[in-house]
Protein chains: 2
Amino acid sequence: MEPLDRIDRDILALLQAEGRLSGAEVGRRVGLSQPAASARIQRLERSGVITGYRAVVDPVALGLNIHAVVRLRTTHARLAHALDFASRVPEIVSVLRVTGEDCLVLEVHCPQAGRLEQVVDALARYGPVTTSLVLRAYPRKPLADATAASSEGRSGPDRKER
Amino acid sequence: MEPLDRIDRDILALLQAEGRLSGAEVGRRVGLSQPAASARIQRLERSGVITGYRAVVDPVALGLNIHAVVRLRTTHARLAHALDFASRVPEIVSVLRVTGEDCLVLEVHCPQAGRLEQVVDALARYGPVTTSLVLRAYPRKPLADATAASSEGRSGPDRKER
DNA sequence: CTTGAAAATAGACACCA
DNA sequence: TGGTGTCTATTTTCAAG
């Protein structure tokens, strides 16, 4: 679990943007030979930094025209049931258990409003629900290493670049 | 933009789970020859169903120990500035513009609470903010084609399997 | 869509700087 | 650790059925 150096961070940025790059291509872009790049990638995979690779699919291209964020406020007793329900509904693609008034923040992709209504109604069995339609989803950003420089000022001890 | 058949949906499920599968391996698993599988994958890519491939990175492995959902309620005039700010802060990895009281739902990954405080404070310049710490993120599910069968009942016209 | 062959590439290894 | 060269395994592309 060594801290990642500059090259590791570059590799992560590359692979988060283009997950199918070959070791040789990654090497080319970060200034390393193919074996060296492949070795680093393997190290990142084995150490659990890279947990997998996913194809990204466009919801609209699948007819999933409605994207919503649903917040659910439930009781401790009902939480497990709500989670179980959420895990069984394919339209609920993301489940976050959070602190605060709401207990769960869910992301839902549905073909039409009617289906969203069904999902929301079903969720409402577990507690009060707040539904927001997503008007626009901005492109998700890659995760950057905590030691990487940020654009905003920081507090705490001086940052030292390794 | 033909409707996807069963095999296309299987391929999407496979690739959303394991984005680096080869055409040959995909073919094996869906019962197709390698050229046929590769052709379908290309078709899905070119038609915009598959928009890319990403490596998935573990935030904790990067020292990003704090994961939060921040909801921002801002004015129309300030919205553009808030979006601009969000795009410049690497810790803000997801931005959703939504309907309802809140205008934006943001996901933030920070190394420590101090950094989250900075981000939240900065966001608060654009309007009232509600912050929830993520206690647990359940694994994201693959997107399933709208024509695929769901576990819950549905309304509207009878479903017909093709 | 399948099979079969060819061309291109990627990944793995051994050895050296 | 990284670079080079090489060898092998895979992949992809293409021609034909």
Side-chain angles (χ1 to χ4, degrees), chain A residues 1-58 61-62 142-149 160-162, chain B residues 1-58 61-63 142 144-145 147-148 160-162:
Chain A
M1 276 285 199
E2 300 251 319
L4 308 178
D5 65 11
R6 185 56 167 37
I7 294 180
D8 286 319
R9 281 183 260 130
D10 288 348
I11 290 176
L12 285 178
L14 247 18
L15 257 16
Q16 284 181 90
E18 296 176 62
R20 294 197 73 147
L21 289 180
S22 67
E25 184 57 32
V26 169
R28 231 165 277 139
R29 303 203 193 174
V30 302
L32 241 45
S33 67
Q34 174 265 313
S38 294
R40 278 180 183 255
I41 294 170
Q42 281 200 355
R43 202 179 114 250
L44 290 168
E45 290 168 353
R46 298 208 173 130
S47 67
V49 177
I50 295 176
T51 60
Y53 298 87
R54 308 265 122 88
V56 180
V57 168
D58 176 18
L62 291 184
L143 255 35
D145 188 273
T147 63
K160 35 187 153 228
E161 211 54 57
R162 38 167 286 130
Chain B
M1 275 285 197
E2 299 252 319
L4 307 178
D5 65 10
R6 183 65 167 33
I7 294 180
D8 286 319
R9 282 183 259 129
D10 288 348
I11 291 175
L12 286 178
L14 248 18
L15 257 16
Q16 283 182 90
E18 296 176 63
R20 294 197 74 146
L21 289 181
S22 68
E25 184 57 32
V26 169
R28 232 165 276 139
R29 302 203 194 174
V30 302
L32 238 47
S33 69
Q34 176 269 315
S38 293
R40 278 180 184 256
I41 294 170
Q42 280 201 356
R43 205 182 108 250
L44 290 168
E45 290 168 353
R46 298 209 173 129
S47 68
V49 176
I50 295 176
T51 60
Y53 298 87
R54 309 261 123 87
V56 180
V57 169
D58 176 18
L62 291 184
D145 187 89
T147 62
K160 35 186 153 226
E161 213 55 56
R162 34 168 290 126

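Sequence lines set the chain letters: A, B, ... in the order given, protein chains first and strands last, and positions in each chain run from 1.
Regarding contacts with the backbone of D:dT13, a side-chain N or O of B:Q42 is found under 4.0 angstrom from either OP1 or OP2. Taking 4.0 angstrom as the limit, B:S22 places a side-chain polar atom (N or O) nearer than this to OP1 or OP2 of D:dT11. Between B:R40 and the phosphate of C:dC1, there is a side-chain N or O to OP1/OP2 separation shorter than 4.0 Å.
Straight-line distance from the CZ atom of B:R43 to the P atom of D:dT12: 18 Å, rounded to whole Å. The CG-P distance, from A:L15 to C:dA10, rounds to 14 Å in whole Å. The CD1-P distance, from A:I7 to D:dT1, rounds to 11 Å in whole Å. Put simply, CD on A:Q34 is 11 Å from C1' on D:dT4, counting in whole angstrom units. Rounded to whole Å, the distance from CZ on A:R28 to C1' on C:dG11 is 13 Å. As rounded to whole Å, 15 Å separates atom C1' of D:dG2 from atom CD1 of A:I41. Atom CD in B:E25 sits about 11 Å away from atom P in D:dT12, given to the nearest Å.
The shortest non-hydrogen separation linking B:L21 to B:V26 is CB-CG2, 3.8 Å.
Judged by distance alone, the side chains of B:Q42 and B:S38 never bring a donor and an acceptor atom under 3.5 Å apart. For the residue pair A:Y53 and A:E45, a side-chain donor N or O sits within less than 3.5 Å of a side-chain acceptor on the partner.
Among D:dT4, C:dA10, C:dC1, the nucleotide with an atom closest to any side-chain atom of B:A36 is C:dC1.
Along DNA chain D, the nucleotide nearest to B:L21 and the one nearest to A:A39 differ in position, and the one closer to the 5' end is contacted by A:A39. Residues A:G31 and A:R20 both approach DNA chain D. Their nearest nucleotides, taken by heavy-atom distance, put A:G31 toward the 5′ side.
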